[in-house]
Number of protein chains: 2
Amino acid sequence: MMRRSKKERQQLLTATIKENPFVTDEELAEKFQVSVQTIRLDRLELSIPELRERIKTVAEKRFESEVRSLPIDEVIGEIIDIELDQSAISIFDVKEEHVFKRNQIARGHHVFAQANSLAVAVINDELALTAKANLQFKRSVKLHERVIAKAKVTKIDEKTGRTFVEVSSFVNNELVFVGKFEMYRSKNL
Amino acid sequence: MMRRSKKERQQLLTATIKENPFVTDEELAEKFQVSVQTIRLDRLELSIPELRERIKTVAEKRFESEVRSLPIDEVIGEIIDIELDQSAISIFDVKEEHVFKRNQIARGHHVFAQANSLAVAVINDELALTAKANLQFKRSVKLHERVIAKAKVTKIDEKTGRTFVEVSSFVNNELVFVGKFEMYRSKNL
DNA sequence: CGAGCTCTTATGACTAGGTACTAAGAGTAG
DNA sequence: CTACTCTTAGTACCTAGTCATAAGAGCTCG
């Protein structure tokens with residue numbers, strides 16, 4: 001890489017670090033064919049923190065998002081009340097990561113996921129899977145709204161164990177979603 | 001925290017670091033009421049790397065998963081073919097994070113999410129939302145399986161713009177999921 | 001032409017959070 | 001009593017920096 005003007009170098013520097021925060025001053029000096037000191041002055045001017053600070057920031061963000069995405073692994077939304085094989089209630093706060101950037105409307109699959117995982121959770125069995133579902137998205141859910149999903153077990157087929165769950169989701173008492181789920185369970189009752 | 005035996009301390013040490021990799025030897029020494037050297041000997045014995053290495057690892061993992069979770073923000077699964085307002089195909093590889101730990105079966109909402117986001121994507125409009133959906137989970141999808149979802153636009157209501165999309169998902173040519181979506185779009189045609 | 005300016009490079013002292021190694025003391029078991 | 005484990009201490013060294021100071025090169029303005 002040939003030598004460039006200060007301005008040009010600093011622009012490239014910013015871009016380079018943004019793309020790969022794991023790069024050291026020495027590597028950058030090599031890349032831009034300037035001294036390490038120059039790179040440090042550049043970072044100072046551009047308020048770019050040192051390597052270890054950058055790495056730490058990246059790691060911390062991962063740790064934060066880890067916590068956030070962990071419940072996704074089990075139940076979407078927080079279950080606040082449950083009576084197995086009868087009913088359950090969960091709440092789900094719509095955050096930035098759940099909406100379309102363009103219009104701040106929650107993606108359908110998140111609303112569905114809350115309802116679906118509540119339908120799974122309400123079933124008193126180790127294995128519960130969704131067999132069929134009938135969904136109606138009544139109105140769109142927006143960023144920062146709190147969705148309260150209420151599941152009610154409407155019928156359990158005594159022979160097959162097929163369980164029918166109806167989930168209604170509300171935002172401020174307004175119905176936003178209704179889902180009828182037919183659930184499969186491993187053990188018969 | 002009172003002093004414990006070496007074994008006990010090392011177990012707690014492992015747990016502590018696992019829970020919070022950002023802790024320094026000095027903080028650990030304080031916590032366990034031993035010298036910093038003892039902590040270092042412990043880490044050596046337990047093959048626990050130093051703070052900066054730990055942080056780096058966390059950061060690197062985030063960087064890897066960044067790439068993986070980025071498309072999640074837009075479309076679940078990778079779109080490999082699309083003809084707007086006609087049809088679309090996407091593939092979705094089922095990974096650890098998509099399955100129930102207990103039985104390695106993919107959670108329904110991931111299969112739904114792939115289909116739903118494909119239904120959204122196929123629509124030639126800035127704003128497309130799911131109004132209704134009818135789902136059938138034909139058989140369970142397991143870890144490491146590759147789901148190929150095919151969406152077909154079956155009808156577009158010329159007045160309202162309501163668009164009907166049928167999505168069929170396959171694993172090795174075997175039908176695993178069918179979804180009928182009624183989609184809402186902002187602009188009439 | 002020289003003074004002042006920016007830019008670059010160098011140097012030295014210091015920092016955090018370590019590694020690697022040596023040494024020494026306390027307590028315990030055989 | 002000796003041998004061993006465990007713990008603590010201290011030293012030299014490392015990386016990837018910070019901060020401050022100094023000096024030289026190249027340009028521009030009067």
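All chains are named by letter (A, B, ...) in the order of the sequence lines, taking the proteins before the strands, and each is independently numbered beginning at 1. The shown structure was predicted, so the numbers you read here are calculated from the model rather than taken from an experiment.
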Between [N] atom [atom2] and [X] atom [atom1], what is the distance in whole Å?
X      : N       : atom1 : atom2 : answer
E53(A) : dG17(D) : CD    : C1'   : 10 Å
K6(A)  : dC7(C)  : NZ    : P     : 4 Å
L44(A) : dA16(D) : CG    : P     : 20 Å
L51(B) : dT19(C) : CG    : C1'   : 14 Å
F22(A) : dA16(D) : CZ    : P     : 14 Å
K7(A)  : dT6(C)  : NZ    : C1'   : 14 Å
L28(A) : dG17(D) : CG    : C1'   : 13 Å
D42(A) : dT9(C)  : CG    : P     : 10 Å

Please determine if a side-chain N or O atom of [X] lies less than 4.0 Å away from the OP1 or OP2 oxygen of [N].
X      : N      : answer
T38(A) : dT9(C) : yes
R9(B)  : dT7(D) : yes
S35(B) : dT8(D) : yes

Is it true that the side chains of S117(A) and R107(B) contain a donor and an acceptor less than 3.5 Å apart?
no
Base of dT15(D), side chain of R52(A) - is there a donor-acceptor contact under 3.5 Å?
yes
List the steps and the verdict of salt bridge (Lys or Arg N to Asp or Glu O under 4.0 Å) for E50(B) and R52(B).
CA-CA 6 Å; E50(B) 62 166 289; R52(B) 290 186 290 227; 3.6 Å; yes
Among dT19(C), dA16(D), dT9(C), which is the nearest nucleotide to the side chain of D25(B)?
dT19(C)
Determine, stepwise, if the pair N116(B) / F112(A) fulfils side-chain contact (heavy atoms from CB on, under 4.5 Å).
CA-CA 10 Å; N116(B) 187 50; F112(A) 168 77; over 6 Å; no
By nearest nucleotide on DNA chain D, pick out whichever of R54(A) and Q37(B) is the more 5' one.
Q37(B)
Kindly determine whether S87(A) and K150(A) satisfy side-chain contact (heavy atoms from CB on, under 4.5 Å), including the steps that lead there.
CA-CA 7 Å; S87(A) 63; K150(A) 300 182 184 180; over 6 Å; no
N/O donor-acceptor pair under 3.5 Å between R43(B) side chain and I48(B) backbone:
yes
Result for 5'-nearest mapping on DNA chain C, choosing between E45(A) and V36(A), is E45(A)
Under 4.0 angstrom, heavy atoms only, what part of the nucleic acid is R43(A) near: base, sugar-phosphate, or nothing?
sugar-phosphate
